[in-house]
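Below is one structure, written out as structure tokens, with a few remarks after it.
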Amino acid sequence: MIYIQQAILHILDINTNEPIYSLAGLDITEKFTLDYIHAMIEKVEDSDNMKEGTLPEDSPVVGMLANVKADFIAATRALTDKFYSITKLNYEIPAADLLFVQFTLDEVACLGMFKLNYSDSITHHVSQEDDTLTNHLIVNRAILPSARQAIQEGMVLNLESMQYHVLEKKHMITELAEKRFYFTEMFLEDEPKPSLKENIAMIKKAVQKTSKAFNDEEFVALAETKQALVHSMEEENVIDNQVVADRLFGDNYAKKEKFFQEVEELGYVDRAPAEVAVAGPKFSKQKLRLDNGIEISIPMDLYQDAEVVEFINNPDGTISVMIKNIEKIKNLF
């Protein structure tokens with residue numbers, strides 16, 4: 001349950017020499033504002049790109065948050081100053097507004113910080129000169145994302161434990177001449193754990209390397225990997241690489257050892273929180289692309305049903321796919 005207590009918006013337009021600070025909070029009695037804030041919180045909490053971390057006690061950000069409950073506006077201004085000191089020097093970081101929200105999530109005190117990047121949009125402007133009314137087209141370059149749009153950067157911070165959930169994107173840092181996750185590395189000055197999406201990508205890469213090392217069919221290994229991931233997420237709400245290894249390699253300890261070595265080198269975090277719903281609809285189906293251009297999408301629960309689909313290894317080394325017991329075919333034109 002989310003209960004919004006107060007919110008404020010500060011402007012980080014790089015065309016100004018300093019942030020434009022709001023001296024008063026947003027009117028959270030307006031339904032539009034409340035719905036928008038709820039949408040921003042959910043975009044962080046429900047994303048497979050979300051990363052987790054915990055700020056250390058000596059973090060500069062923790063110091064700025066010491067009086068956030070007593071003086072919300074002053075605390076958000078301090079955070080805005082730190083954030084702007086980074087973005088104003090790095091012009092590839094998009095101009096934006098910063099939305100700060102103080103709220104409780106399941107009765108736990110939290111702070112939300114959401115970077116609302118600007119986008120261009122065309123609108124009209126009416127002018128009148130010498131009794132002549134003229135309608136013009138103009139470009140508005142400060143359009144904020146709608147409640148339905150994704151955001152690239154945002155954070156939900158537990159004010160009691162200092163554990164945070166964050167969305168972020170790499171941007172070019174002029175001084176370093178490379179792209180970095182500046183939100184965590186430079187603003188929070190912390191290194192979060194990999195996101196669910198990153199963890200899954202690491203498992204996939206480790207399976208591919210293991211399959212290649214032992215000359216196994218990659219498409220078979222990846223299909224079984226997806227099933228193992230879904231099973232682990234549904235049963236335990238985590239991704240357990242032991243479950244994946246057992247399902248893929250059984251008692252083949254050489255393959256397991258290779259797999260565990262690969263995931264460790266890639267930086268995978270074992271048994272991190274995970275849900276199938278967050279991982280996305282792609283985990284409900286096995287999707288295959290054949291080398292002749294044909295693509296097949298098979299519901300997960302039917303993939304290993306021999307009465308529905310069968311993969312046949314031919315003597316010449318090719319593979320045939322047999323779809324069985326079809327009563328009706330519908331063209332999805």
Side-chain angles (χ1 to χ4, degrees), residues 44-57 59 105-106 108 155-158 160-170 180-181 183-185 188-214 216-287 300 303-304:
V44 173
E45 294 296 289
D46 297 339
S47 172
D48 62 353
N49 282 312
M50 182 267 287
K51 303 177 184 179
E52 294 185 359
T54 303
L55 295 176
E57 292 183 1
S59 165
L105 177 60
D106 297 331
V108 176
M155 175 182 69
V156 171
L157 175 71
N158 183 320
E160 297 176 6
S161 66
M162 289 297 152
Q163 183 184 53
Y164 62 85
H165 295 165
V166 65
L167 295 181
E168 60 178 342
K169 182 178 180 179
K170 282 186 175 181
R180 301 287 286 271
F181 285 118
F183 196 106
T184 52
E185 294 180 30
L188 295 181
E189 300 181 47
D190 191 52
E191 183 178 354
K193 299 175 183 177
S195 67
L196 171 58
K197 189 173 184 178
E198 289 170 332
N199 263 337
I200 290 174
M202 292 176 199
I203 290 237
K204 177 183 176 181
K205 191 170 184 179
V207 169
Q208 288 174 316
K209 288 188 174 183
T210 304
S211 298
K212 185 176 181 179
F214 289 89
D216 292 335
E217 285 283 5
E218 183 179 295
F219 88 90
V220 175
L222 289 179
E224 292 177 349
T225 301
K226 182 178 280 191
Q227 290 177 312
L229 289 171
V230 169
H231 174 77
S232 184
M233 287 188 278
E234 286 179 339
E235 295 296 319
E236 303 183 55
N237 286 332
V238 300
I239 296 179
D240 189 335
N241 62 355
Q242 185 67 53
V243 170
V244 175
D246 289 341
R247 180 150 190 161
L248 292 179
F249 311 121
D251 294 330
N252 191 320
Y253 296 107
K255 290 183 179 181
K256 282 186 175 180
E257 184 178 1
K258 173 66 174 174
F259 171 73
F260 289 137
Q261 176 187 342
E262 292 294 343
V263 291
E264 183 176 354
E265 289 179 358
L266 289 166
Y268 165 80
V269 177
D270 193 24
R271 298 191 65 81
E275 297 180 31
V276 178
V278 176
K282 65 181 180 180
F283 276 81
S284 65
K285 297 179 180 180
Q286 296 281 12
K287 294 186 177 181
M300 186 70 73
Y303 181 77
Q304 288 191 323

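Any value given below was found using the heavy atoms of this structure, including those in side chains, with hydrogens, waters and symmetry copies removed.
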Problem set entry | Audit row: Glu262, Lys205, side chain to side chain contact (heavy atoms under 4.5 Å, CB included) steps and yes/no | CA-CA 8 Å; Glu262 292 294 343; Lys205 191 170 184 179; over 6 Å; no
Problem set entry | Any side-chain heavy-atom pair of Ile200 and Asp48 under 4.5 Å |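 A side-chain contact is absent here, since even the closest heavy-atom pair is not under 4.5 Å.
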Distance-minimising heavy-atom pair for [X] and [Y]:
X      : Y      : answer
Ile239 : Tyr268 : O-OH, 2.8 Å
Ala221 : Ser211 : CB-OG, 3.3 Å
Val207 : Leu222 : CG1-CD2, 4.1 Å
Val244 : Leu229 : CG2-CD2, 4.0 Å
Glu45  : Val156 : OE2-CB, 3.6 Å
Asn158 : Val108 : ND2-CG1, 3.3 Å

Exercise. Does a side-chain N-to-carboxylate-O contact under 4.0 Å join Lys256 and Asp251?
Worked result: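 No, this pair does not count.
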For this session: Taking only Lys NZ, Arg NE, NH1 and NH2, and the carboxylate oxygens of Asp or Glu, determine whether Lys51 and Glu168 approach each other closer than 4.0 Å.
Result: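 Yes, charged N to carboxylate O under 4.0 Å.
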For this session: Verify side chain to side chain contact (heavy atoms under 4.5 Å, CB included) between Leu157 and Leu55, making sure each step is shown before the conclusion.
Result: CA-CA 9 Å; Leu157 175 71; Leu55 295 176; 4.1 Å; yes
Exercise. Side chain to side chain contact (heavy atoms under 4.5 Å, CB included) between Thr184 and Asp190: does it pass, once the steps are laid out?
Worked result: CA-CA 5 Å; Thr184 52; Asp190 191 52; 5.6 Å; no
Answer yes or no: is there a donor N or O on one side and an acceptor on the other, between the side chain of [X] and the main chain of [Y], under 3.5 Å?
X      : Y      : result
Lys204 : Lys226 : no
Asn199 : Val269 : yes
Ser232 : Val238 : yes

Return yes when atom [atom1] of [X] has more than 12 non-hydrogen atoms of other residues, nucleotides or ligands closer than 6.0 Å, and no otherwise.
X      : atom1 : result
Glu257 : CD    : no
Glu57  : CD    : no
Glu236 : CD    : yes

Return the [atom1] to [atom2] distance between [X] and [Y], rounded to the nearest 0.5 Å.
X      : Y      : atom1 : atom2 : value
Glu52  : Gln163 : CD    : CD    : 5.0 Å
Glu264 : Met202 : CD    : CE    : 12.5 Å
Phe259 : Asn252 : CZ    : CG    : 13.0 Å
Met155 : Leu188 : CE    : CG    : 5.5 Å
Glu224 : His231 : CD    : NE2   : 14.0 Å

